[in-house]
Amino acid sequence: MRVGADTDVCVGSGQCALRLPEVFDQREEDGVVVVLDEHPPPSLRDAVRQAVLGCPSGALRLEDPD
């Protein structure tokens, strides 16, 4: 599983960082998403999917071969 973010699309709502602070954070200066762990462990698969689906701007993407 690989997590990515399009920082040009991110609106800085922070939903991802609130849901999954182990994987996502926000830049101090503008709130844009920062991916902390591009390859989170399988135990976080469902939580990552929920964070990606919950992104209001669609800035997050998930590549999951399974």
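We count residues from 1, following the sequence as given.
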Hey, does Met1 have a side-chain heavy atom less than 4.5 Å from the side chain of Pro40? yes

Between Val33 and Cys10, the two heavy atoms sitting closest are N-SG, 3.3 Å

SG/Cys55 to CG/Leu62 distance, rounded to the nearest 0.5 angstrom? 12.5 Å

Decide side chain to side chain contact (heavy atoms under 4.5 Å, CB included) for Asp37 and Glu22; before the verdict, give the C-alpha distance in whole Å, the side-chain angles of both, and the deciding distance to 0.1 Å. CA-CA 7 Å; Asp37 187 353; Glu22 309 94 300; over 6 Å; no

Is a side-chain donor or acceptor of Gln26 paired with a backbone partner of Gly12 at a separation under 3.5 angstrom? yes

Heavy-atom check, side chain of Leu36 versus side chain of Phe24, under 4.5 Å: no

On a heavy-atom basis, the closest approach of Ala5 and Val35 is CB-CG2, 3.8 Å

Of the non-hydrogen atoms in Arg19 and Gln50, which two are nearest, and what is the gap between them? NH1-O, 3.3 Å

Check Pro56 against Gln15 and note the closest heavy-atom contact, atom names and distance. CD-CG, 4.4 Å

Can you tell me which residue among Leu60, Val34, Leu44 is in a side chain to side chain contact (heavy atoms under 4.5 Å, CB included) with Val23? Leu44

Here the gap from Glu38 atom CD to Glu63 atom CD, rounded to the nearest 0.5 Å, amounts to 9.5 Å

